[in-house]
J.: 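Dropping a structure here in structure tokens format, bear with me for questions.
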Amino acid sequence: MNNIIRIWLIVFTAIYGVSCSRVLELSDKFIDISGDGMWFVKFYAPWCAHCRRIEPIWAHVAQSLYNSHIKVAKVDCTSIKGSHHHEYNGERMKDDMVNYAVRMSQPAVQRVTQADSFGYLKETHPIFFGFVGKQQGPLWDMFIIHADKYQPHTWFYAMSHDIVKNELNPPNDSAIFVYKEEESFFFGAHPGLLEDNEALNNTLDKWINSERFGFFPKITRSNINHLMDTEKYIVIAVVSENKLSEITQTERDFKDMIEGIIRQKRKTLHSRFQFGWMGSLELANSIAMYELTVPHLLVLNSTTSHHHMPDDDPVLMTPEAVLMFLDQIHNQVAPVYGGNSWPVRVYRGLFEARTTLASMWRGNPVLTALVFGLPLGFLSLICYSVCCADILDAEEEEVAETHEKND
Ligand SMILES: *[C@@H]1O[C@H](CO)[C@@H](O)[C@H](O)[C@H]1NC(C)=O
Ligand SMILES: *[C@@H]1O[C@H](CO)[C@@H](O)[C@H](O)[C@H]1NC(C)=O
Ligand SMILES: *[C@@H]1O[C@H](CO)[C@@H](O)[C@H](O)[C@H]1NC(C)=O
């Protein structure tokens, strides 16, 4: 269903029809006319509920980008022959979409030249990657390649030693760092790595992918697979948001407590543990294959897909207890659940089928009864006619036989 709305950033020219909001309504003819100009376009179908839900957010995106050179538009159509486009796959949140559009309209790596720019970057970007030093050599080449690859997700800048010398403590040679919520971490490239192109490629790719998340992101269906590529333990505070994205006070306290742990201990924990929170109990249940109570604590092993849950009631856990639990997981002495073996997959399939059925039933019992009742009805009718026909035939034959004997 989500594929029905596709949001593309497209390089195009013409405007066909202007609606009263900041969002321009384009006809399908605009596709034939290409030229200069940057467009962020929502493709929608009028009957699609997902598209209607994004409508107000889209109006806000248009408002935020109104004074930029990016034009925000929507097109009521499903086919496209665009020349140069990028598809947006992220969260349907205003800020994420605005950042994405601004980023994709610029070169992947931007050069920072003014001395005070670093402070500005820190204020405006919660996370960005930087290259310090001479812009040549294997590390620089790899930086450009990966900036292109990860441009949809994050920002990349290049600068000289002079610009960062008061802010960071860069090594004398070229170096790559990530600035993340007031902390910076350097990519550890030893000299041997710089000579092995393939190893550098893989190591840098892994590092960027594992560092591009904040310390405590919201975990959803759209980013959980990227998080599983980090090869860290994923520590998740599970809460249950209602339709207005609200949670109870107990859940909020628990979530804040977990966030406090990673903020205080980020230096020691962040290389092994990626923290985050999840607002969808449904997603958490399908990972745990268990009807969790909220709030809950779930720790995923991203290489094996196993998960860990504390024995104690999570609500009663103190930060010290959580840290002890994480230590046990790291030392592989905590109980392990789930995984990716085939019995577990079968079990997960059954669990998801059951919960889907249960939520369908809660949503619309009549429809569910029809959807599953009708085929079942037909099936039993077929069974009935197959089995009973045999019995009837057999009885007739028997009757015939007895008549013969009597004769
Ligand atoms: C970097 O260079 C400075 C002087 O230019 C020197 O004092 C310092 O030891 C060097 N640091 C490293 C890690 O090589
Ligand atoms: C880096 O690795 C990726 C696969 O992970 C590959 O597609 C790409 O071509 C490699 N690039 C270089 C320059 O080796
Ligand atoms: C996951 O489990 C495997 C096997 O028990 C272990 O080797 C690995 O260190 C664990 N942790 C992570 C983060 O993958």
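Both counts, for ligands and for their atoms, begin at 1 and track the order of listing. Please read all numbers here as calculations on a predicted model, not as lab measurements.
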J.: One pair to check against side chain to side chain donor-acceptor pair (under 3.5 Å): Thr248 and Glu251. What are the steps and the verdict?
T.: CA-CA 5 Å; Thr248 63; Glu251 289 171 273; 2.7 Å; yes

J.: So that I can tick it off, tell me whether Arg266 and Glu181 are bridged by a salt bridge, with the cut-off set at under 4.0 angstrom between side-chain N and carboxylate O.
T.: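 Salt bridge between Glu181 and Arg266, a charged N being under 4.0 Å from a carboxylate O: no.
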
J.: Give a yes or no on whether a salt bridge exists between Glu241 and Lys218, defined as a side-chain N under 4.0 angstrom from a carboxylate O.
T.: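 Salt bridge: yes.
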
J.: Is the distance from the ring center of Trp207 to that of Phe186 below 6.0 Å?
T.: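 Centroid separation for Trp207 and Phe186: 6.0 Å or greater.
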
J.: Students should be able to answer this: which protein heavy-atom is nearest to atom 14 (O) of ligand 3, and at what distance?
T.: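 I find the closest protein heavy atom is Thr303 OG1, 2.4 Å.
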
J.: Which residue owns the protein heavy atom closest to atom 7 (O) of ligand 3, what's the atom, and how far is it?
T.: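 Heavy-atom neighbour on the protein nearest atom 7 (O) of ligand 3: Gln332 NE2, 3.6 Å.
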
J.: Checking a contact table here: which protein heavy atom is nearest atom 13 (C) of ligand 2, and how many Å away?
T.: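 Ranking protein heavy atoms by distance from atom 13 (C) of ligand 2, first comes Ile145 CD1, 3.7 Å.
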
J.: Are any non-hydrogen protein atoms located under 4.0 Å from atom 11 (N) of ligand 2?
T.: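 At least one protein heavy atom is under 4.0 Å away.
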
J.: Step by step, work out the ring-ring contact (aromatic ring centres under 6.0 Å, His included) result for Phe275 and His270.
T.: CA-CA 8 Å; Phe275 280 59; His270 110 281; over 10 Å; no

J.: Ring centroids only, cut at 6.0 angstrom: are Trp140 and Phe131 within range, meaning strictly under it?
T.: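 Ring centroids of Trp140 and Phe131 are less than 6.0 Å from each other.
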
J.: List ligand 3 atoms under 4.0 Å from Asn301, heavy atoms only on the residue side.
T.: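 Answer for ligand 3: 1 (C), 2 (O), 3 (C), 8 (C), 10 (C), 11 (N), 12 (C), 14 (O).
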
J.: Could you go step by step and tell me if Tyr233 and His308 meet the side chain to side chain donor-acceptor pair (under 3.5 Å) rule?
T.: CA-CA 10 Å; Tyr233 285 105; His308 307 270; 5.2 Å; no

J.: Could you tell me whether some N/O pair between Asn202 and ligand 2 is separated by less than 3.5 angstrom?
T.: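 There is no such contact.
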
J.: Take atom 4 (C) of ligand 2 and look for protein heavy atoms under 4.0 Å from it; say yes if you find one, no if not.
T.: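 Given the 4.0 Å cut-off, atom 4 (C) of ligand 2 does not count as touching protein heavy atoms.
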
J.: Which atoms of ligand 3 sit under 4.0 Å from any heavy atom of Lys232?
T.: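 Listed by number with element: 13 (C).
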
J.: Out of Ile219, Val235, Ile234, which one pairs with Leu300 under the side-chain contact (heavy atoms from CB on, under 4.5 Å) rule?
T.: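 With Leu300 as partner, side-chain contact (heavy atoms from CB on, under 4.5 Å) holds for just one option, Ile234.
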
J.: Does ligand 2 have any atom that is closer than 4.0 Å to a heavy atom of Asp205?
T.: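 Outside the 4.0 Å threshold, so no.
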
J.: Can you sort out which atoms of ligand 3 are near Glu231, meaning under 4.0 Å from one of its heavy atoms?
T.: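 Numbered from 1, ligand 3 contributes 13 (C).
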
J.: Would Ser302 count as being in polar contact with ligand 3, using the rule that some N or O on each side must be under 3.5 angstrom apart?
T.: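 By distance alone, the answer is no.
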
J.: Look at atom 1 (C) of ligand 2 and say which protein heavy atom is nearest, naming residue and atom and giving the distance to 0.1 Å.
T.: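 In this structure, atom 1 (C) of ligand 2 has Asn201 ND2, 1.4 Å as its nearest protein heavy atom.
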
